[in-house]
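Reading through the structure tokens given below for one structure.
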Amino acid sequence: MKKTTLFSLKSPYREQLDIIGYHFGYGKKALAIVGALRGNEVQQMYVCSRMVQTLKQLEASGNISEDHEILVVPCANYYSMNIGKRFWAMDNTDINRMFPGYELGETTQRIADGLFKKLQNYEYGIQLASFYQPGSFLPHVRMMDTGFTDTELMKQFGFQFAIVRKPRPYDTTTLNYNWQIWETKAFSVYTNATDTIDEDSAEEAVHAILRFMLSEGMIDLRVRPGYMTELLRESQVKQIHSEYGGVLVSCVKVGEHVEAGTVLGRILHPFDGELLGEIRTQVSGTVYFVYHSPLINEKTVCYKIIK
Amino acid sequence: MIETVASAALAVNENLIIRKRRIRHGDSPMRLSFVTGTHGDELEGQFLAYLLGSFLDAHIEQLDGTVDIYPALNPMGIDSITRGIPMFDLDMNRIFPGTKKGTMMEVVCSSIIDDLLGSDVCIDVHSSNIFLQEIPQIRISVPTAEMLVPYAKMMNVDLIWVHESATVLESTLAHTLNMHGTKTLVVEMGVGMRITKEYCYQLFEGILNLMKQLEMWHGEVSLVREPIVSINRQVGFVNSDAAGIFVPCVPFGSTVKKSDHIGDVLDPLSSKVVETVQAVCDGLLFTLREYPVVYGGSLLARILMPEEESA
């Protein structure tokens, strides 16, 4: 293992920010794995730290294939993590909205530029991604459909589901989108936590990444078998919105199969506890997202069901 | 008349309500919309909304048409000094046009667009952010320049900045409205979290002049200034390379020469000047950093080059 500083930034009042990369194997740039770009992506950093541990062992036992270099970047924004902020602490900008970056630009553009230069030319890229809403996901993998996408590759992770997402205008400045534009086959891996550590889903993500690496000939390892992945378009996912604001009491968990008409949750009046409404699914399928903040506004996506 | 444009229930005993005030007089079908408060830390538009509304109240007989004033598209943001939408960590000006079947803010944005469509002209007032001060200017993307520059020239601003369009800006209010045929002018002026009365009065005169040209206003108007239009000119960006405290040494809005000393980045601990900041080109200093703490990359100034130098 070789530990390098990929990018540094001086601060007026704090120790220098160093984005650290862990390199395993040698030769052609096979895979880059990126964890936290935001200050609350603790689970994403944790999954990377688990990958570092695993790859260290694989390297020591000679199980990383020849001519394959793997890079793991656990955290690009620990400045925000250390002070409890999600975005860049000074100006609240999002590093993951600054790619491909600009070396003469603003601070987060420079960070994105410095990092992206070191992430280019890898054949594959995996970002441990998070969602902006508080909630749990069924661990899965996504790809953005940029026209350069071989979505079948997602099956090699062995998650239960893989989703193809159509990019929106604001996606064009994300790491994942730019990786693809620069010809890296890029995936987003979602676990079911962000600002807390969920050991089980971290484990699932690590095994999924290892399955992918094995199938691409990067490592030699007995890996726990995965699912026969079901490949979905976003349109095959039913979003269910709350019709009231109040206290949400959920009745289902991520991964459960539900039939049409099942009560997924109840919204109660926050003061007197009266039932304001039930949230029912109109479709049968697997629950793949559950909103988990106790307070909920009207018209909030609170459940997603894979039909 | 005060109307509700969009409403959604928040979790605990409160609704998010977007409101507008409609001021109407005469028979003309012309309609001008004034929107502001998309970013909760931008307050210049709040005073301007008051100026416009109170002046029209006092001189309603001179109005022929409809003026709609939307002072706070992001009321929770203004209330909590939050640039984006509190609780969502989202920039509201990246959600438009929204959707009827989306999340709360997507539905709200969709309702706002529905309400604004049909206006003859919409003025979308921003005030930079807390970091930079801006001279009164209107920003227009290249594809809409031919349609919008004639209207922008009526607005009594100092600068019309015609910039390249970026994909990410396709989710702004102005882009959405312009693509649907509602001519929308984006104003940037002053600095975040402050009210610069001088700029507000300047733009107020411009709005009256625009209304006069649209034949919605029968009262007197002042002579408006001729703005610099950035077409065929380049903009020089001055970014900090060092981290520290930026202290400018030239007046905001002045004309500078290339290599002029425009400020310093200082280190309060070592008592050293860590960077001497120089102008990167000749021109008008139309943006200047207001918030002193800087990192490498922090934008310190923007300079509009003269035509001959840009060519």
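Quantities reported herein were computed from a predicted structural model and do not represent experimental measurements.
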Greatest number of heavy atom pairs closer than 4.5 Å to chain B - which of A:Y102, A:Y13, A:F87: A:F87
Passing option when B:T144 is tested against B:N178, B:T184, B:V162 for side chain to side chain contact (heavy atoms under 4.5 Å, CB included): B:N178
Atom group of B:I130 that falls short of 4.5 Å from chain A, counting heavy atoms: neither
Residue part contacting chain B, namely of A:D91, when any heavy atom lies under 4.5 Å: both
Ring centres under 6.0 angstrom apart (A:F131, A:F289): yes
Residue among B:T103, B:I95, B:L16 with most heavy-atom pairs under 4.5 Å to chain A: B:T103
Between B:D91 and B:H39, a side-chain donor and acceptor under 3.5 Å: yes
A:R38 and A:N77 side chains, donor-acceptor separation under 3.5 Å: no
Chain A interface, residue from B:V294, B:D267, B:V293 that has the most non-hydrogen pairs under 4.5 Å: B:V293
Aromatic ring proximity A:F116/A:W182, centre distance under 6.0 Å: yes
Residue B:V12 versus chain A: region with a heavy atom under 4.5 Å: both
Pair A:S8-A:D18, side-chain donor/acceptor within less than 3.5 Å: yes
B:Q278 versus B:S259, side-chain donor and acceptor atoms under 3.5 Å: no
Contacts with chain B made by residues 273-283 of chain A (heavy-atom distance under 4.5 Å), listed by residue number: none
Trace of the side chain to side chain contact (heavy atoms under 4.5 Å, CB included) decision for A:R110 with A:E103: CA-CA 5 Å; A:R110 291 185 184 204; A:E103 69 180 327; 5.6 Å; no
Heavy-atom pair count under 4.5 Å with chain B, highest-scoring of A:E243, A:H269, A:Q239, A:M90: A:M90
Greater than 12 external heavy atoms within 6.0 Å of B:L269's CG: no
Contacting moiety of A:P12, where chain B heavy atoms sit under 4.5 Å: both
Top of B:N129, B:L90, B:N15 for chain A proximity - count of heavy-atom pairs under 4.5 angstrom: B:L90
Which atoms of B:Y295 approach chain A - backbone, side chain, both or neither, heavy atom under 4.5 Å: both
Heavy-atom pairs under 4.5 Å with chain B, option from A:L248, A:T107, A:T300, A:L295 with the top count: A:T107
Aromatic ring pairing A:Y288/A:H140, orientation class (parallel under 30°, perpendicular over 60°, tilted between): perpendicular
Any side-chain heavy-atom pair of B:I113 and B:L173 under 4.5 Å: yes
Flag for A:Y303-A:S250: side-chain donor and acceptor within less than 3.5 Å: yes
Partner chain B: residue of A:Q109, A:E106, A:K10, A:R86 with the largest heavy-atom pair count (under 4.5 Å): A:E106
